[in-house]
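Right, one structure below, let's go through it.
Source: prediction; values computed, not measured. The chain is numbered in sequence order, starting from 1.
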Amino acid sequence: MTFGAESDEAESHAMLDAFAAAGGTLIDAADVYSAGLSEQIIGRWLAANPETAERMVVATKGRFPMGADANDLGTSRRHLRRALDDSRRRLGLDHIDLYQLHAWDPITPLDETLRFLDDAIRSGAISYWGVSNFTGWQLTKAVHRAAAMGMPAPVTLQPQYNLLAREIEFEIVPAALDASVGLLPWGPLGGGWLTGKYRRGEAPTGATRLGEDPSRGMEAVDRRGTDERTWRVLDALHEVAAAHEVPPARVALAWLQSRPGMTSVILGARTVAQLEDNLAAGEIELTAEQLADLDAASAPVVPDYPYGELGVDQRSRAL
């Protein structure tokens, strides 16, 4: 998502070089990232590195607007056919390894979307399909409709997931585990909050996402910075990071890797230095005590029912 927006082409290609050198194999994009420029940047890198490109799993997404027309968005057969063809052209690929629905479409009948994906698999345009930003019931419905139609099931789900956003553990993670769908969490550093660069009572400044745009999306200062839980999580994160003598971001990523159902973690680095620091998280092994401390500090606040202690107790049964 940073390619063509927060990182120019030279820096983007340098990150891809570093990622490949580290053994990375999954490149995730979307047509709306930089209005198609991200896919073009990736496509030119793939073309310039054919041997390395052979071992890369290339994923992209379609669903959001790529034009002003009423039909330039959604998961209809009409829009997805054009979106997929355009993504393949920008990436310079005959087929996409993993094609993902970027979000649920409440207007288009799900069967129409699934028939398009089945046709795309049968024609060789894509190898697998997945979803992003689906809720638990939406994922479950897609899995069961695919089974009823005799077509391949989704293989992945991309949700927001990090120490500050754990609500997917209520329904989405169990639904994914039940259906054997792999999780590819985005936003693993909470839009920069889990890097340790923000301080209580200090407005973000400089060349950071919140320094440049304090009201940016879900990680806006007025949203997360005013929540006492944010600072409780950061205190615990800094404590564990100090014990390992590493930056907080590495610990946040290591914690996420330890969660059930993780297939990979989507990194959104802006520079090679950031990417290399993120990749180093794979070398960290958190102790059971440290994981427990991070779990406790980041536990979502829930009412008694249906996700709190009393609701969980109702669904429990002794062996």
- Task: Please assess Arg122 against Met151 for the test side-chain contact (heavy atoms from CB on, under 4.5 Å), listing each intermediate value before the final yes or no.
- Result: CA-CA 10 Å; Arg122 292 175 185 274; Met151 65 169 284; 5.7 Å; no

- Item | Pair Tyr161-Arg259, side-chain donor/acceptor within less than 3.5 Å | yes

- Are Asp86 and Arg89 close enough for a salt bridge, meaning some N to O gap below 4.0 Å? yes

- Item | Straight-line distance of Leu183 CG to Ile172 CD1, nearest 0.5 Å | 9.0 Å

- Query: Is atom CD of Gln257 surrounded by more than 12 heavy atoms (other residues, nucleotides or ligands) closer than 6.0 Å?
  - Reply: yes

- Item | Check: Trp129 ring centre within less than 6.0 Å of Tyr99 ring centre | no

- Message: Does this structure show an ion pair linking Glu112 with Arg115, if we count only N-O contacts that are shorter than 4.0 Å?
- Response: no

- Query: Side chain of Asp178, backbone of Ala175: donor and acceptor closer than 3.5 Å?
  - Reply: no

- Examine the side chains of Ser132 and Gln100 and answer whether a donor and an acceptor come within less than 3.5 Å of each other. no

- Query: For atom CD of Glu54, is the number of surrounding heavy atoms from other residues, nucleotides or ligands below 6.0 Å larger than 12?
  - Reply: no

- Message: Assess, by modelled atom type and distance only, whether the side chains of Asp28 and Gln158 contain a donor and an acceptor separated by less than 3.5 Å.
- Response: yes

- Item | Criterion side chain to side chain contact (heavy atoms under 4.5 Å, CB included) against Leu189, the qualifying member of Leu253, Leu164, Leu163, Val265 | Leu253

- Point-to-point distance, once rounded to the nearest 0.5 Å, from CD of Glu285 to CD of Gln290: 11.0 Å

Donor-acceptor list for residues 18-26 side chains, cut-off 3.5 Å, not counting sequence neighbours:
none

- Going by atom types only, do Asn162 and Trp193 share a side-chain donor-acceptor pair under 3.5 Å? no

- Where Ser12 and Gly4 come nearest, the two heavy atoms and their spacing: OG-N, 4.2 Å

- Does a donor on one side chain sit under 3.5 Å from an acceptor on the other, for Tyr307 and Glu171? yes

- Message: Can you tell me how the ring of His102 sits relative to the ring of Tyr33, calling it parallel under 30°, perpendicular over 60° and tilted otherwise?
- Response: perpendicular

- Message: Could you check whether any side-chain heavy atom of Glu289 comes within less than 4.5 Å of a side-chain heavy atom of Asp293, counting everything from C-beta outward?
- Response: yes

- Item | Over 12 non-hydrogen atoms of neighbours within 6.0 angstrom of OH in Tyr128 | no

- Ala142 to Leu114 - nearest heavy-atom pair and separation: O-CD1, 4.2 Å

- Using 4.0 Å as the upper bound for N to carboxylate O, is an ion pair formed by Arg44 and Glu39? no

- Smallest separation among heavy atoms of Met15 and Thr271, with atom names: SD-O, 3.5 Å

- Query: Taking NZ, NE, NH1 and NH2 as the nitrogens, is one of them in Asp277 or Arg250 under 4.0 Å from a carboxylate oxygen of the other?
  - Reply: yes

- Message: Heavy-atom count check: over 12 atoms from other residues, nucleotides or ligands less than 6.0 Å from Asp94 CG?
- Response: no

- For Val32 and Pro65 the tightest heavy-atom approach is CG1-O, 3.6 Å

- Item | Heavy-atom donor-acceptor pair, Gln274 side chain to Arg270 backbone, under 3.5 Å | yes

- Hey, is the main chain of Ala29 close enough, under 3.5 Å, to the side chain of Lys61 for a donor-acceptor pair? yes

- Message: Would you compute the distance between atom CZ of Phe64 and atom CG of Asp105 and round it to the nearest 0.5 angstrom?
- Response: 10.0 Å

- Minimum heavy-atom distance Ser298-Val233, with the two atoms named: CA-CG2, 3.6 Å

- Task: Output yes when a side-chain donor or acceptor of Gln138 lies under 3.5 Å from a complementary backbone atom of Thr135, and no otherwise.
- Result: yes

- Item | Whether Ser34 side chain and Phe3 backbone form a donor-acceptor pair below 3.5 Å | yes

- Query: Is the shortest heavy-atom distance from the side chain of Arg88 to the side chain of Asp85 under 4.5 Å?
  - Reply: yes

- Message: Would a single hydrophobic cluster contain both Ile168 and Val302, if residues Ile, Leu, Val, Met, Phe, Trp and Tyr are joined by side-chain heavy-atom contacts under 4.5 Å?
- Response: no

- Message: For residues Phe170 and Leu256: do they belong to one hydrophobic cluster (side chain heavy atoms under 4.5 Å, members Ile, Leu, Val, Met, Phe, Trp, Tyr)?
- Response: no

- Query: Hey, does the side chain of Gln160 reach the backbone of Pro185 with a donor-acceptor pair shorter than 3.5 angstrom?
  - Reply: no

- Item | Check against salt bridge (Lys or Arg N to Asp or Glu O under 4.0 Å), Asp119 and Arg77 | CA-CA 10 Å; Asp119 289 346; Arg77 177 180 288 274; 3.1 Å; yes

- Side-chain heavy atoms under 4.5 angstrom apart, residues restricted to Ile, Leu, Val, Met, Phe, Trp, Tyr: same cluster for Leu73 and Leu84? no

- Hey, any chance Tyr305 and Val312 share a hydrophobic cluster, counting ILVMFWY side chains that come within less than 4.5 Å of each other, even indirectly? no

- Message: Donor-acceptor check, side chain of Arg166 to backbone of Asp295, threshold 3.5 angstrom: yes or no?
- Response: yes

- Task: Spell out, as yes or no, whether a donor-acceptor pair under 3.5 Å connects the side chain of Asp97 to the backbone of Ala59.
- Result: no

- Task: Before giving the answer on side-chain contact (heavy atoms from CB on, under 4.5 Å), spell out for His95 and Ser127 the whole-Å C-alpha distance, their side-chain angles and the decisive distance to 0.1 Å.
- Result: CA-CA 7 Å; His95 80 281; Ser127 296; 3.4 Å; yes

- Message: I want to check something: taking the side chain as every heavy atom from C-beta on, are Leu237 and Pro248 in contact at a cut-off of under 4.5 Å?
- Response: yes

- Does any N or O in the side chain of His13 come within less than 3.5 Å of the main-chain N or O of Ile41, such that one atom is a donor and the other an acceptor? yes

- Query: Is a side-chain donor or acceptor of Asn49 paired with a backbone partner of Trp45 at a separation under 3.5 angstrom?
  - Reply: yes

- Task: Considering non-hydrogen atoms only, spot the tightest contact between Met149 and Asp111 and give its length.
- Result: CE-O, 3.8 Å

